[in-house]
Amino acid sequence: MVEQFVGNWKLTSSENFDEYMKAIGVGFATRQMGNMAKPNLVISVDDAGLISMKSQTTFKTTETQFKLDEEFDEATADDRKTKTIFTLENGKLVQKQTWDGKTTTLEREIQDGKLTAKCVMDDVVAVRTYEKEA
């Protein structure tokens, strides 16, 4: 099921991302960079089921490696230290991050050949859309 997410994806639209970054506690300067960045998202999976998700921008490249349903310690691009778990739910790749008594959820799914990432923190929702590169 994860195979549908594998590939190189380029950010094409971003809605409400600044509000989402504010909601998770990202500072002003980092938010400015986050708003300007147009990341490429590279998702791969190896034979052992280890999934790699790499976000590449001109400012920073981050890579997260994980197996489904296994919690791990993640250092996020905005320097939060989270307990993170990825699950597959109804065809969606769901990432749940918890830190300092807070929880955010990122739901990635394929719709009409595009990858959408819905970022949710309390009542704030951002949607980022990626298109697959050839």
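As a basis for the values below, the full set of heavy atoms in this structure was taken, side chains included, without hydrogen atoms, waters or symmetry mates. The chain is numbered in sequence order, starting from 1.
- Taking Thr61 as the reference, nothing meets the side chain to side chain donor-acceptor pair (under 3.5 Å) condition, with sequence neighbours excluded.
- At most 12 non-hydrogen atoms from other residues, nucleotides or ligands lie less than 6.0 angstrom from NZ of Lys96.
- Smallest separation of non-hydrogen atoms from Arg108 and Ala117: CG-CB, 4.0 Å.
- Scanning for side chain to side chain contact (heavy atoms under 4.5 Å, CB included) contacts around Val120 gives Lys118, Val125, with sequence neighbours left out.
- A salt bridge is absent between Glu133 and Lys10; no separation between the charged side-chain nitrogens and carboxylate oxygens falls under 4.0 Å.
- By the side chain to side chain donor-acceptor pair (under 3.5 Å) test, Glu3 is found to be paired with no residue, residues two or more places apart in sequence or in another chain being considered.
- The side chain to side chain contact (heavy atoms under 4.5 Å, CB included) check on Lys114 picks up Thr129, Glu131, with sequence neighbours excluded.
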Listed pairs under 3.5 Å, donor-acceptor, residues 22-48 side chains, sequence neighbours left out:
from, atom 1, to, atom 2, distance (Å)
Lys22, NZ, Glu19, OE2, 3.3
Arg31, NE, Asp18, OD1, 3.0
Arg31, NH1, Val26, O, 3.1
Asn35, ND2, Asp18, OD1, 2.8
Asn35, ND2, Arg31, O, 3.2
Asp46, OD1, Ala48, N, 2.9
Asp46, OD1, Gly49, N, 3.1
Asp46, OD1, Leu50, N, 2.9

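- Side chains of Met121 and Lys102 form a contact here, defined as non-hydrogen atoms less than 4.5 Å apart.
- Between Arg128 and Ser14, the shortest heavy-atom distance links the atoms NH1-OG, 2.9 Å.
- Residues in residues 32-69 take part in these ring-ring contact (aromatic ring centres under 6.0 Å, His included) pairs, two or more places apart or across chains: Phe66-Phe86.
- When all heavy atoms are compared, the tightest approach of Ala77 to Lys60 is O-NZ, 2.8 Å.
- Taking Ile, Leu, Val, Met, Phe, Trp and Tyr as members and joining any whose side-chain heavy atoms lie under 4.5 Å apart, directly or through other members, Ile85 forms no hydrophobic cluster with any other residue.
- Annotation: ring-ring contact (aromatic ring centres under 6.0 Å, His included) contacts involving residues 110-134, sequence neighbours excluded, are absent.
- Looking at residues two or more places apart in sequence or on another chain, you find a side chain to side chain contact (heavy atoms under 4.5 Å, CB included) between Lys83 and Glu71, Asp73, Thr98.
- Residues forming a ring-ring contact (aromatic ring centres under 6.0 Å, His included) with Phe5 (at least two apart in sequence, or on another chain): none.
- No single ILVMFWY cluster, assembled from side-chain heavy atoms under 4.5 Å apart, contains both Leu11 and Met21.
- Remark: Thr12 OG1 to Lys132 NZ distance equals 14.5 Å, nearest 0.5 Å.
- At least one donor-acceptor pair closer than 3.5 Å links the side chain of Gln4 to the backbone N or O of Gly91.
- Glu74 is linked by a side chain to side chain contact (heavy atoms under 4.5 Å, CB included) to Thr64, Phe72, Thr76, Thr82, Thr84, Gln95, Gln97, counting only residues two or more places apart in sequence or in another chain.
- With sequence neighbours left out, the salt bridge (charged side-chain N to carboxylate O under 4.0 Å, His left out) criterion links Arg80 to Asp78.
- Note on Met53: it clusters hydrophobically with Leu68, by side-chain heavy-atom contacts below 4.5 Å among ILVMFWY residues.
- Both Trp99 and Val124 sit in one connected hydrophobic cluster of ILVMFWY residues. Membership requires side-chain heavy atoms under 4.5 Å apart, directly or through other members.
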